[in-house]
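Just below is one structure, and these are the notes that go with it.
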2 protein chains.
Amino acid sequence: MAGIRDVAAKAGVSVGTASRALNGTGPVSAAARERVERAAKELRYVASYTATALKSGRSRNIGVILPAIDRWFYGKVVTGIADELIDVGYELALYNTQGSHEHQEAVLGDYLWRQRLDAVIPVSLQLSAAEITRLLSMDRPVVGVGGPMPGVLTVSIDQSATGALATAHLIGLGHREIAHVTGGTDPERDFHLTDSRRGGFEGEMSRAGLQVRDDWVLRSDFTLGDSYRQAKVLLSGRERPTAVFAASDEMAMGVILAARDLGLRVPDALSVVGVDGHEMGEAFGLTTIRQFPERQGARAAQRLLTHLADPPPPDDINLHEVLPTELVVRSSTAAPGE
Amino acid sequence: MAGIRDVAAKAGVSVGTASRALNGTGPVSAAARERVERAAKELRYVASYTATALKSGRSRNIGVILPAIDRWFYGKVVTGIADELIDVGYELALYNTQGSHEHQEAVLGDYLWRQRLDAVIPVSLQLSAAEITRLLSMDRPVVGVGGPMPGVLTVSIDQSATGALATAHLIGLGHREIAHVTGGTDPERDFHLTDSRRGGFEGEMSRAGLQVRDDWVLRSDFTLGDSYRQAKVLLSGRERPTAVFAASDEMAMGVILAARDLGLRVPDALSVVGVDGHEMGEAFGLTTIRQFPERQGARAAQRLLTHLADPPPPDDINLHEVLPTELVVRSSTAAPGE
DNA sequence: AGGTTTAGTGGAACCGTTTACAGTCGTGGC
DNA sequence: GCCACGACTGTAAACGGTTCCACTAAACCT
């Protein structure tokens, strides 16, 4: 492995000059620069990142902390982040807490302090005040995705408005008997998201003077399978809603499958609306509130990068950036039958 | 930020002793060790990884290169790897090539050479001979997932056997008119996987004396949506297969949706079998050949770690480790109707 | 013409660890 | 009583870059 000394020697300059030539910092004559560059190429020289990082304090490495990777939303977010980073030569360190507080603490307490990271993107993390303090005291840029994370910059969608929009769509079609599939099975995970989407649902219902039946609010774990099972029970009851708002597309698809298995036609006998914009929704004809997780990830990365480039951000910055969502009407919703 | 000097000073020992105490390398008196440990704790000392890596040459960081993160298989593989690594204090650097050869070259050519990585796990990568040579010349452990990658250790399932098993299951039920949904839309991606699963299908068909109809082999892109559309065309034709083997669960679910939309009952009018063991398959009653991507990822990580711990591996190691799959029979397959 | 800037350069300190080396001290063997 | 040995320790040299500083020579002022 060639080092910068080898390059310098081969180019007939000092290591200082070689470094300046390679990094474009400081003045270097055209001739010297050219010789250094050629030497570097011939030697297949690549600067050791660890050495660079140690001296300069910048590692060109940013950490992404999330509770899972094998779920639609997180996969998309990471994709968005990764796409944004690869172009500017940053690398991406992934920390999967698996929703375990133990792991989360280990990551927040130790891993992030090893100075290998220039900045951090926590995704949908349930952070305690102490954890946030600790995170921010690292004195590196932090931009979260999802939220809320009081005190840290975030990028997210308006969960409550999303719930309200979906509900309003159903009410607008004439539905009055509306059930809701929400999250909350795992108290640690998706806590706020669940609550605020349901909040939007409830708000919109009461605004329209409609009642929210407790037994029509299904607590699920955000998977298709669980939602399917619960919806089957719900839809087998004597009284049935005419519409269901599910807090995610996966759960909405579960509801559709359950309805079909029970011989209920969608949307004739049951309207279903979800949230996400999951690709699979298309084949189901699923009406949904589309969010753009890749864009959320990309946006977080961008904000991070500008903070990294610029001096410390002004104080009047937009702390919580809210990205738009979009109602996509397909064939799973219609006016109530009969 | 406290450095090891601060710890040493506080504990009243030299930095050498402090380092030895903290790392458990070399002899240190119990008293000194205890003082150092307390000092470190009180100072919230965490060793700088960049410094450690620079000096020791070991970064406790392993790279995962893959063509996408937002697909079921990759999400699972990464989860398996991450779970395995977090326990032993290794970190995970993620490189998403997005299926672009440009990015792949950048990663293989530059990124991996910056000495930030102790080892590399390429996942489902289509590597040229030159790329493999370059990868191996880094002189660090490499264990791939999926394959084949001639010359590098890999962990994978037997794709061909998987195709054969699925096909045999259908034939065993009495089906003779069998269609296949395969990949291959994107020539770069999933190349081998597609070919070998289809190979298994064709082999099993001919073994049973059955013909493979060209127009019953659907080339799809491994998504539910595309498979759905193609299956709809297939199943609307005058002649219909009585069974479909889809090379992935997502595509199989697309076929089931298409069948239902056309009023064909599954499995009465059409049997469908997939490959993967996708969680969503359960609600579809999907029969499938289950593979365990998390286990594949975990296994790759384990092999890597042992190679990292032990001296260079013996030459007679098992180059390609094949992990088992499992037929899961649910309600999407049955003997042909009538 | 003399004094200041400025482009270009080399040398060396430094980033925060690990680790090779040399040394001190007490202990046991003879 | 001396020597060898082991346990323990401190000092300093790396690791491979970046960056500060001092310096030269040419160019630019007044």
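Atoms considered below: every heavy atom in the structure, side chains included; atoms not considered: hydrogens, waters and symmetry mates. Naming convention: chains lettered A, B, ... in sequence-line order (proteins, then strands); numbering from 1 in each chain.
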| Distance-only, no hydrogens or angles: does the B:Asp118 side chain make a donor-acceptor pair with backbone N or O of B:Arg60 under 3.5 Å? |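 Here the side-chain-to-backbone pair exists.
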
| query | Under a 4.5 Å cut-off applied to non-hydrogen side-chain atoms, are B:Ser156 and B:Leu323 in contact? | reply |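 SC-SC contact between B:Ser156 and B:Leu323 ruled out.
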
| query | Is any side-chain heavy atom of B:Val77 closer than 4.5 Å to a side-chain heavy atom of B:Thr79? | reply |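 Heavy-atom side-chain distance check fails, nothing below 4.5 Å.
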
| Criterion salt bridge (Lys or Arg N to Asp or Glu O under 4.0 Å) on A:Lys76 and B:Asp70, from CA distance to verdict | CA-CA 5 Å; A:Lys76 292 293 181 189; B:Asp70 55 351; 2.9 Å; yes

| query | More 5' along DNA chain C: B:Thr25 or A:Ala30, using each one's nearest nucleotide? | reply |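 On the 5' side of the pair lies A:Ala30.
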
| Would one find a side-chain N or O of B:Ser29 under 4.0 angstrom from OP1 or OP2 of D:dA7? |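 Answer is no, no contact under 4.0 Å.
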
| query | Would you call B:Arg116 and A:Glu91 a salt bridge, using N to O less than 4.0 angstrom? | reply |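 Yes, charged N to carboxylate O under 4.0 Å.
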
| Below 4.0 angstrom, N of the basic side chain to O of the carboxylate: do B:Arg38 and B:Glu34 qualify? |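 Yes, this pair counts.
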
| task | Take atom OH of A:Tyr49 and atom C1' of D:dC15, then tell me their distance rounded to the nearest Å. | result |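 So the OH-C1' distance, A:Tyr49 to D:dC15, works out to 18 Å.
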
| said: Students often get this wrong, so: under 4.0 angstrom with heavy atoms, is A:Ala53 touching a base, only sugar-phosphate, or nothing? | reply: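 Since no nucleic acid heavy atom lies under 4.0 Å of A:Ala53, the category is nothing.
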
| note | Each nucleotide of nucleotides 11-18 of chain C classed B (base within 4.0 Å of a protein heavy atom), S (only sugar-phosphate) or -, in 5' to 3' order, makes ---BBBBB

